[in-house]
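Single-structure report; data block below.
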Amino acid sequence: MEHADGEAILLGNHLVRWLDAPHVPHAWECGFLMEERTSTLLCGDLFIKPRIHQGR
């Protein structure tokens, strides 16, 4: 399902807003959900630290 930047979506008791965020942290189709009533940002893996792979 596709949503426009800034589109509000009612999920039962929660009202979330889709925020486009191209290339943060992955590809053009990335974005976040903001729950409006509690001001909760649902951001997935935004704050992960990439693992550094060393040769064996």
Side-chain angles (χ1 to χ4, degrees):
M1 180 184 285
E2 220 175 286
H3 298 289
D5 186 32
E7 180 181 352
I9 306 153
L10 185 58
L11 300 174
N13 293 330
H14 299 279
L15 179 65
V16 296
R17 188 167 302 275
W18 175 257
L19 305 169
D20 281 345
H23 281 295
V24 180
H26 300 291
W28 284 105
E29 67 275 4
C30 286
F32 310 110
L33 287 174
M34 170 67 110
E35 207 290 326
E36 303 236 324
R37 296 176 184 154
T38 62
S39 298
T40 301
L41 179 65
L42 304 165
C43 59
D45 61 353
L46 178 64
F47 301 109
I48 67 166
K49 181 178 178 184
R51 187 174 179 181
I52 298 172
H53 298 282
Q54 296 180 348
R56 292 183 181 172

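Owing to the predicted nature of the structure, the values given are computational and were not obtained by experimental measurement. Sequential numbering from 1 along the given sequence is applied to the chain's residues.
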Starting at CZ of Arg37, measure out to CG of Asn13 and round the result to the nearest 0.5 Å.
7.0 Å
Between atom NE2 of His14 and atom CG of Leu42, what is the distance when rounded to the nearest 0.5 Å?
9.5 Å
When rounded to the nearest 0.5 angstrom, what is the spacing between CD1 in Ile9 and CG in Leu15?
8.5 Å
Kindly give the heavy-atom pair with the smallest separation between Ala21 and Phe32, and that separation in Å.
CB-CE1, 3.2 Å
So which atom in Met34 and which in Ser39 form the shortest heavy-atom distance, rounded to 0.1 Å?
SD-C, 3.8 Å
